[in-house]
Amino acid sequence: MKENKTVRPHRRITILPEHLANQIAAGEVIQRPASVVKELVENALDAGAREIVVTIKGGGGAYIQVSDDGTGMDETDACAAFQRHATSKILSVEDLEQIRTFGFRGEALASIAAVSHVTLTTRREEDETATEVRIRGDSSSTSREERATGTTVTVQHLFFNVPARRKFLKSPQTEFRHVYDVMQQVALSHPEIAFHFTNEKEEIFRLRPGTPQERLLDLFGERRCEQLIPIDERSETVRVWGYVGKPTFGQKSRSHQFLFLNGRYILNRTINHAVYSAYEHLLEKGTYPFTVVFLELDPQQVDVNVHPAKLEAKFQDEQGIYRLITRVVRDALARAGGIPALSLGSGQLPDGSVRLRFTSRQHERTAPWIVDSPSDEIPRSGRSDGTSIAGELLNQQEGREGGDRSDEATLLPGLLDPATMGQSVWQLHERYILCRSEGGLVVVDQHVAHERVLYEQAVIRLNAGTRDSQQLMFPATIQLNPAEHSLLMELLPDLEQMGFDIAPFGRNTIAVNGMPGDVKASDVEHLVREMLALYREYQRASPLTGRDNLLKSFACRAAVKAGDRLTEEEMRELLRQLSAARMPYVCPHGRPVLLRIPVEELDRRFGRK
Ligand code: ADP
Ligand code: MG
């Protein structure tokens with residue numbers, strides 16, 4: 001009979017032997033030495049350890065040892081722990097819905113034992129001696145040993161029986177860095193625990209138990225910590241706290257965005273994006289923020305069982321969390337005073353040209369942790385609790401109104417004081433407004449400034465729900481395409497709140513009868529079309545912030561442009577409005593609105609100092 005190679009021989013279904021099943025499962029849980037360290041350290045935490053000692057060699061591929069002073073196990077449990085689906089952490093589906101431990105899948109020890117040589121020594125307080133379990137492939141042995149209360153797991157020859165994985169391992173230095181990342185993540189989220197980490201006999205860190213601030217300081221050093229702004233905010237169901245880097249503290253890689261969910265380090269693109277988007281245009285191109293964000297919420301509101309290494313989580317109300325985080329981070333950045341002062345610093349380049357860099361006012365701070373408490377930076381008005389414009393968006397039902405803002409004009413006194421600024425103003429290249437400030441010269445980007453003003457006014461109107469619009473002498477009829485038309489209809493309620501008076505006018509056609517009072521109605525049709533187009537663009541980039549996208553696209557398209565000539569009166573009016581804005585220093589996208597050149601800077605340049 002001719003053999004047909006494309007037909008596989010028929011085989012009976014069999015249940016995989018346990019060691020093979022474990023080896024397959026191990027592929028998901030244990031990818032590299034760092035995964036082993038993560039699982040073992042999490043087990044130690046789950047066992048209530050106060051001190052965890054981690055020692056590795058050869059980047060972890062050759063040797064990993066994790067010791068803890070936790071509860072330990074008796075002999076029965078010590079043996080059972082290596083079976084797949086062996087766990088002491090959950091018993092029922094209900095437990096799975098409110099997990100407070102790191103582990104729950106009962107896979108880690110079984111997986112580790114399937115791909116390495118493992119020795120576990122463990123003792124409970126009430127037992128006289130410790131149990132040692134040694135596992136080498138299929139064979140295992142137990143013996144009695146001496147040990148203080150706690151558990152030590154030693155893992156050698158990782159992937160000795162999985163050549164494909166072994167080949168995939170990178171150099172010991174690279175693997176060490178992955179282990180280091182894990183250690184850093186765990187240490188950051190557990191400042192109350194002492195960690196001792198050694199690589200090739202070199203002590204990497206020895207961390208004492210302390211407060212979150214102390215831990216951050218120990219891990220990152222004073223210089224870096226000075227660049228951080230604390231955040232802390234809670235709603236009924238969520239608490240968001242942590243530290244976010246000032247925009248001037250941009251990082252070259254994304255690896256400094258730490259996100260923890262109920263003490264567990266997780267990767268979540270949406271939330272990381274929420275953090276990142278709060279920095280929109282505040283960071284230099286190609287740099288990323290440094291952030292340590294802790295999210296605490298009822299375990300029932302999230303599903304942590306969506307990833308074998310438990311690195312991902314699914315949130316019930318991802319949108320709500322997205323908005324909350326963006327707002328909290330934005331607020332923090334605003335509080336830190338995003339106002340860039342032009343500084344020539346010591347950046348004298350060899351060719352005699354001068355490197356300009358931005359520094360923020362807050363650099364003079366001394367104590368690293370006394371950072372920008374709202375009371376010392378922004379005068380609290382009666383109704384403000386430090387929430388931003390975006391915050392107000394979320395609190396619409398409160399129906400705040402924007403009349404009482406006299407105190408806000410005193411932000412950074414002298415800088416935007418209409419009295420000093422009103423003296424002389426110049427327009428430069430139909431783009432910038434130059435004016436005097438108390439300590440020097442202020443340069444304002446006219447488009448961005450107007451954008452900020454319009455944005456805030458629109459927010460106030462949207463919240464107040466007063467719908468006051470200025471009737472047009474000549475209503476504009478606009479023929480839209482079906483897509484534009486349906487989008488406009490969808491946005492109509494918000495547009496009306498913002499001050500647009502729009503009525504249907506036949507198929508795909510609308511009549512604009514009125515506009516928000518502060519907008520020049522020169523080309524209504526152009527404005528509406530452009531606004532819709534920009535809104536669509538913003539929606540594509542961040543679909544979760546629809547209303548803010550609408551406000552931004554309105555502000556951007558209705559604002560004066562670079563290239564528009566302004567009269568002195570118009571410039572003054574713009575500056576006056578800007579000085580009354582809640583956040584006059586960055587546009588809704590985060591671009592700087594103004595730049596201050598202190599007299600001292602000029603003095604320095606002219607060699608007066
Ligand atoms: P999981 O953590 O998901 O329960 P593991 O395979 O990591 O699964 O561990 C299995 C069980 O072994 C745990 O549920 C726990 O009871 C026990 N165990 C593991 N490590 C330790 C430790 N360091 N101290 C005390 N008990 C441990
Ligand atoms: Mg575990």
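The first residue in the sequence is number 1, and the count goes up from there. Atoms within a ligand are numbered from 1 in the order they appear, just like the ligands themselves.
Protein heavy atom at the shortest distance from atom 16 (O) of ligand 1 is Ser88 OG, 2.5 Å. Looking only at heavy atoms of the protein, atom 17 (C) of ligand 1 is closest to Met73 SD, 3.6 Å. From the protein, the heavy atom lying nearest to atom 23 (N) of ligand 1 is Asp68 OD2, 2.9 Å. Here the heavy atom of the protein found nearest to atom 1 (P) of ligand 1 is Gly106 N, 3.6 Å. Remark: minimum distance from atom 6 (O) of ligand 1 to any protein heavy atom is reached at Leu109 N, 2.9 Å. In this structure, atom 22 (C) of ligand 1 lies nearest to the protein heavy atom Thr151 OG1, 3.7 Å. Of the protein's non-hydrogen atoms, the one nearest atom 2 (O) of ligand 1 is Lys89 NZ, 2.7 Å. Scanning all protein heavy atoms for the shortest distance to atom 10 (C) of ligand 1 gives Ala86 O, 3.2 Å.
Applying the 6.0 Å contact sphere to CD of Glu192 captures more than 12 heavy atoms from other residues, nucleotides or ligands. By the 6.0 Å contact criterion, CZ on Arg239 is enclosed, its count of non-hydrogen atoms from other residues, nucleotides or ligands being greater than 12. Atom CG of Leu16 has more than 12 neighbouring heavy atoms from other residues, nucleotides or ligands inside a 6.0 Å radius.
Heavy-atom contacts of Ala81 reach the following atoms of ligand 1: 10 (C), 12 (O) (cutoff under 4.0 Å). Distances below 4.0 Å separate heavy atoms of Arg105 from the following atoms of ligand 1: 3 (O). Near Phe104, with a cut-off below 4.0 Å to any heavy atom, the atoms of ligand 1 are 1 (P), 3 (O).
Contact annotation: Asn43 places an N, O or S atom under 2.8 Å from the Mg ion (ligand 2).
Looking at ligand 1, you'll find an N or O of Ala108 within less than 3.5 Å of one of its N or O atoms. For Thr71, no nitrogen or oxygen atom sits less than 3.5 Å from a nitrogen or oxygen atom of ligand 1, counting backbone and side chain alike.
Annotation: His190 is in aromatic contact with Phe102 [ring centroid separation under 6.0 Å]. Ring centers of Phe220 and Phe290: under 6.0 Å apart, within the cut-off. Two rings, from Phe160 and His117, have their centers less than 6.0 Å apart.
Between Glu226 and Arg223, none of the side-chain N atoms (NZ, or NE/NH1/NH2) sits under 4.0 Å from a carboxylate O, so this pair counts as no salt bridge. Electrostatic pairing of Arg147 and Glu145 does not count as a salt bridge here, judged by no charged N lying under 4.0 Å from a carboxylate O. Note on Asp548 versus Arg330: salt bridge recorded, some NZ/NE/NH1/NH2 to OD/OE distance being below 4.0 Å.
Neither the backbone nor the side chain of Ala49 has a heavy atom within less than 4.0 Å of ligand 1. The part of Ala47 lying near ligand 1 is the side chain, judged by heavy-atom distances below 4.0 Å. In Thr87, the parts holding a heavy atom less than 4.0 Å from any atom of ligand 1 are both the side chain and the backbone. At a heavy-atom distance under 4.0 Å, no atom of Asp77 approaches ligand 1. Heavy atoms of Phe102 found under 4.0 angstrom from ligand 1: none, in either backbone or side chain.
Residues Asn43 and Val41 fail the side-chain proximity criterion, which asks for heavy atoms closer than 4.5 Å.
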Apply salt bridge (Lys or Arg N to Asp or Glu O under 4.0 Å) to Glu132 and Arg144, showing your working. CA-CA 6 Å; Glu132 184 167 286; Arg144 311 242 119 246; over 6 Å; no
Before you tell me yes or no, could you show the steps for Arg50 and Asp68 under salt bridge (Lys or Arg N to Asp or Glu O under 4.0 Å), namely the whole-Å CA-CA distance, both residues' side-chain angles and the distance that decides it to 0.1 Å? CA-CA 8 Å; Arg50 310 305 306 164; Asp68 67 58; over 6 Å; no
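Remark: distances from the non-hydrogen atoms of Glu107 to ligand 1 include one below 4.0 Å.
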